[in-house]
2 protein chains.
Amino acid sequence: MRRMHKENNLTKNQQIIFDLIDKSPEPLKAYSILFNVQKKGIKAPLQVYRALDKLVEMGKIHKIESRNAFIACQNSSCQVSKATAFSICEMCEKITEISSSSLSKYLANFKDKDGMKYSKYNLEFFGLCKKCR
Amino acid sequence: MRRMHKENNLTKNQQIIFDLIDKSPEPLKAYSILFNVQKKGIKAPLQVYRALDKLVEMGKIHKIESRNAFIACQNSSCQVSKATAFSICEMCEKITEISSSSLSKYLANFKDKDGMKYSKYNLEFFGLCKKCR
DNA sequence: CTTATATATGTTATATTATTACATATTGTT
DNA sequence: AACAATATGTAATAATATAACATATATAAG
Ligand SMILES: [Zn+2]
Ligand SMILES: [Zn+2]
Ligand SMILES: [Zn+2]
Ligand SMILES: [Zn+2]
């Protein structure tokens with residue numbers, strides 16, 4: 001009926017939920033997603049959270065931790081790295097994924113006091129976007 | 001009876017909750033805080049959340065967004081900047097505030113595509129701590 | 001000291017976000 | 001066909017956070 005993870009395709013629920021997030025101009029919250037996919041037969045929170053978990057795992061979407069909201073990946077490398085950076089406008093809540101190779105290089109090479117490096121991180125910048133300034 | 005914000009002292013509830021967080025070896029969650037301060041007369045979630053909000057605002061504590069938990073500031077400059085960085089062990093959940101002037105300088109000077117700078121940010125690094133490696 | 005204003009507290013109820021537990025179905029593999 | 005792994009369905013509940021309203025306390029001004 002449909003193809004599975006070996007080819008990295010999405011399952012039915014994952015596809016429905018990814019499509020919704022991907023076409024949304026703004027990050028979506030889990031229960032707002034639930035409300036929007038009920039006509040497609042997804043009725044329970046857990047169905048949404050399970051799909052979200054997998055999509056995050058695959059790097060197709062990211063969670064904006066400070067907002068409990070989900071956004072489609074706007075880069076190409078996140079599937080591998082789980083290294084994410086966003087700018088968040090505190091006025092209008094516009095959220096953009098930052099793709100800066102110098103930033104990602106700097107952070108991937110950053111060493112803490114113990115000399116430890118971290119390939120996985122999440123950075124959220126806060127300020128005012130172009131429009132709101 | 002007690003002194004107020006002009007001298008930046010804490011109110012009764014703020015002090016109780018700050019003391020608890022400050023002496024905790026690990027970040028605390030709101031309802032765990034609530035449970036621990038009920039003997040001191042703080043009975044409702046809202047009392048905890050209000051104190052937490054103020055303490056975060058003052059820079060005395062920080063919220064670990066990916067964990068919904070609160071940790072006392074381990075630096076000295078956070079009261080001003082709201083620019084925070086943490087390392088999180090995914091094995092044992094040990095969380096440490098990073099104080100690296102090169103990191104904070106790099107991030108404070110980082111410009112996005114639109115040339116925008118951000119003095120406020122939150123960075124969470126994930127990996128394994130010394131013990132767990 | 002009195003009044004006004006702002007800030008903090010107390011209390012109940014409720015909203016929002018996320019997971020546990022268990023049953024069933026589907027997929028990919030042998 | 002049989003098996004194991006993954007995905008789905010469903011109900012109940014746990015965990016996190018806020019709204020609304022009443023009261024109290026603290027600082028500032030007159
Ligand atoms: Zn991405
Ligand atoms: Zn804006
Ligand atoms: Zn700090
Ligand atoms: Zn560890």
Side-chain angles (χ1 to χ4, degrees), chain A residues 1-21 24 26-58 60-71 93 95 122 124, chain B residues 1-21 26-58 60-71 93 95 122:
Chain A
M1 179 189 181
R2 79 194 87 89
R3 278 165 270 138
M4 301 296 288
H5 73 285
K6 259 298 164 57
E7 315 189 9
N8 240 351
N9 282 320
L10 303 181
T11 65
K12 189 185 65 170
N13 288 1
Q14 289 163 13
Q15 189 70 59
I16 290 168
I17 287 171
F18 176 72
D19 287 346
L20 183 71
I21 296 172
S24 168
E26 63 200 359
L28 295 177
K29 302 192 142 218
Y31 276 74
S32 147
I33 292 168
L34 175 59
F35 179 79
N36 275 281
V37 296
Q38 277 178 332
K39 46 185 169 276
K40 305 223 172 185
I42 295 177
K43 292 173 193 160
L46 188 50
Q47 294 173 288
V48 173
Y49 282 104
R50 283 197 283 224
L52 289 173
D53 282 352
K54 291 293 179 185
L55 291 167
V56 166
E57 214 173 284
M58 294 175 203
K60 304 276 291 179
I61 65 172
H62 303 304
K63 183 173 187 181
I64 311 296
E65 292 287 357
S66 67
R67 300 298 186 262
N68 296 320
F70 299 85
I71 190 173
E93 288 294 318
I95 298 183
N122 181 53
E124 297 180 7
Chain B
M1 180 193 181
R2 76 194 90 89
R3 280 166 268 142
M4 301 298 289
H5 71 286
K6 258 295 161 58
E7 314 189 10
N8 240 351
N9 282 322
L10 303 181
T11 65
K12 189 184 63 167
N13 289 1
Q14 289 162 13
Q15 189 70 61
I16 290 169
I17 287 171
F18 176 72
D19 287 345
L20 183 70
I21 296 173
E26 63 200 357
L28 296 177
K29 302 191 144 222
Y31 276 74
S32 146
I33 292 168
L34 175 58
F35 178 79
N36 276 282
V37 296
Q38 276 177 330
K39 45 188 170 273
K40 305 222 171 182
I42 296 176
K43 290 173 194 159
L46 191 50
Q47 293 174 288
V48 173
Y49 281 104
R50 283 197 284 224
L52 290 173
D53 282 352
K54 292 292 179 187
L55 290 168
V56 167
E57 214 174 285
M58 294 174 202
K60 304 275 292 178
I61 66 172
H62 304 303
K63 183 174 187 182
I64 310 297
E65 293 287 356
S66 67
R67 299 299 187 261
N68 298 320
F70 299 85
I71 190 173
E93 288 294 318
I95 297 183
N122 181 53

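Values below: every heavy atom of this structure, side chains too, minus hydrogens, waters and symmetry copies. Here is the naming used below: chain letters follow the sequence lines, and residue numbers restart at 1 for every chain.
- In this structure, the CG atom of Asn68(B) is 13 Å from the C1' atom of dT19(C), given to the nearest Å.
- In this structure, Arg50(A) places its CZ atom 15 Å from P of dT26(C), rounding to the nearest Å.
- In this structure, Phe35(B) places its CZ atom 14 Å from P of dT16(D), rounding to the nearest Å.
- Interface remark: the Tyr31(B) side chain does form a donor-acceptor pair with the dA17(D) base, using a distance-only criterion of under 3.5 Å.
- Here Thr11(A) contributes atom OG1 and Gln14(A) contributes atom CD; the two are 3.0 Å apart, rounded to the nearest 0.5 Å.
- For dA15(C), neither phosphate oxygen OP1 nor OP2 lies less than 4.0 angstrom from any side-chain nitrogen or oxygen of Lys29(A).
- Atom-to-atom distance recorded for Ile33(B):CD1 and Ile16(B):CD1 is 12.5 Å, nearest 0.5 angstrom.
- Regarding Asn9(A), its CG atom lies at a distance of 13 Å from the P atom of dT27(C), rounded to whole Å.
- By the criterion of a centre-to-centre distance under 5.5 Å and near-parallel planes under 30°, the ring of Tyr49(B) forms no stack with the base of dT18(D).
- Across the interface with DNA chain C, nearest-nucleotide mapping of Ala44(B) and Pro45(A) shows Ala44(B) to be the residue nearer the 5′ end.
- Here dT17(C) presents its C1' atom at 13 Å from CG of Asp53(A), a figure rounded to the nearest Å.
- Within the 3.5 Å criterion, the main-chain N or O of Lys54(A) finds no donor-acceptor partner in the side chain of Glu57(A).
- Distance NZ (Lys12(A)) to P (dA25(C)): 13 Å, rounded to an integer number of Å.
- Distances shown here put every side-chain N or O of Gln47(A) at or beyond 4.0 Å from the OP1 or OP2 atom of dT8(D).
- Counting only N and O atoms by type, the side chains of Asn13(B) and Gln15(B) include no donor and acceptor under 3.5 Å apart.
- To the nearest angstrom, C1' of dT6(D) lies 12 Å from CD of Glu57(A).
- At the heavy-atom level, Leu46(B) lies under 4.0 Å from base atoms of the strands shown.
- The separation between Ile42(B) atom CD1 and dT12(C) atom C1' is 18 Å, rounded to whole Å.
- Looking at Glu93(B) and Arg67(B), a side-chain N of the basic residue comes within less than 4.0 Å of a carboxylate O on the acidic one, giving a salt bridge.
- Close to dT25(D), at under 4.0 Å from its OP1 or OP2, lies no side-chain N or O of Thr11(B).
- Lys43(B) has a side-chain polar atom (N or O) that falls below the 4.0 Å cut-off from OP1 or OP2 of dT11(C).
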